[in-house]
J.: 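Submitted below is the structure of interest, expressed as structure tokens.
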Amino acid sequence: MNDLSASRDGDAERVATSPAMTAAEPDGAPRIAVLDILRGIAILGILFMNINDMGESLYASFDDIRHFGWTTQDQIAWWLREVIANGTARCMLEMLFGAGMVILTDRAAQLAGTRVVMKRYYARNLLLFAFGVVHILILLWPGDILHTYGLAALIAFLFRGLRPACF
């Protein structure tokens, strides 16, 4: 084996064991890369779909004249975009939110106990709810979903132990 291939193998080994490639959760468990990648794709999809509204004024997002003067083709294109692209990204993010909740709380409950996890998780989601309220009332962003996720997480946590039912 020549020196060049030996250095390449060494570089590959160093990259594979670098801290950036072996990120772990605070409890020491490895991260689930597929969930992180899908979460990033979902967030980019939502950003792509909402960026037009984020650039408008608050008034323009409610009374946009295009909503009244669009042709049928414009309306069909808008609805397809909303349902297929925006709906898919939002749904994927919601499913990953639920999966993340189950993984996070189950891992933590094994280490600290269910009661401790419940207190921490409720505190975390009350903080998420508070950030959402600040975004809505102080920053005046009516499209904020943080408060909705915070409330949904508080309710969903109660049902995390249920197993799927077959119909």
J.: With rounding to the nearest 0.5 angstrom, report the CD1 to CH2 distance, Ile76 to Trp79.
T.: 12.0 Å

J.: So which heavy atom on Phe157 is nearest to which on Met118, and how close?
T.: CE2-CG, 3.4 Å

J.: What about Val116 and Leu158, same hydrophobic cluster or not, with Ile/Leu/Val/Met/Phe/Trp/Tyr joined at side-chain heavy-atom distances under 4.5 Å?
T.: no

J.: CZ of Arg90 to CZ of Phe97: how many Å apart, nearest 0.5 Å?
T.: 15.0 Å

J.: According to side chain to side chain donor-acceptor pair (under 3.5 Å), who are the partners of His135, at least two apart in sequence or on a separate chain?
T.: Asp144

J.: Rounded to the nearest 0.5 Å, what separation is found between the CG atom of Leu96 and the CD1 atom of Ile41?
T.: 9.5 Å

J.: Does one hydrophobic cluster hold both Val117 and Ile155, with members joined at side-chain heavy-atom distances below 4.5 Å?
T.: yes

J.: If you take all heavy atoms of Ile32 and Ile103, which pair is closest and at what distance?
T.: CD1-CD1, 3.8 Å

J.: Going only through I, L, V, M, F, W and Y residues with side-chain contacts under 4.5 Å, is there a path from Ile43 to Met95?
T.: no

J.: Any chance you could measure Leu38, atom CG, to Met92, atom CE, to the nearest 0.5 Å?
T.: 6.0 Å

J.: What pairs with Arg39 under salt bridge (charged side-chain N to carboxylate O under 4.0 Å, His left out), at least two apart in sequence or on another chain?
T.: Asp36

J.: Hey, any chance Leu35 and Ile37 share a hydrophobic cluster, counting ILVMFWY side chains that come within less than 4.5 Å of each other, even indirectly?
T.: yes

J.: For residues 121-134, which side-chain N or O atoms pair as donor and acceptor with protein atoms under 3.5 Å away, sequence neighbours left out?
T.:
| residue | atom | partner | partner atom | Å |
| --- | --- | --- | --- | --- |
| Tyr122 | OH | Leu154 | O | 2.7 |
| Asn125 | ND2 | Tyr121 | O | 2.9 |

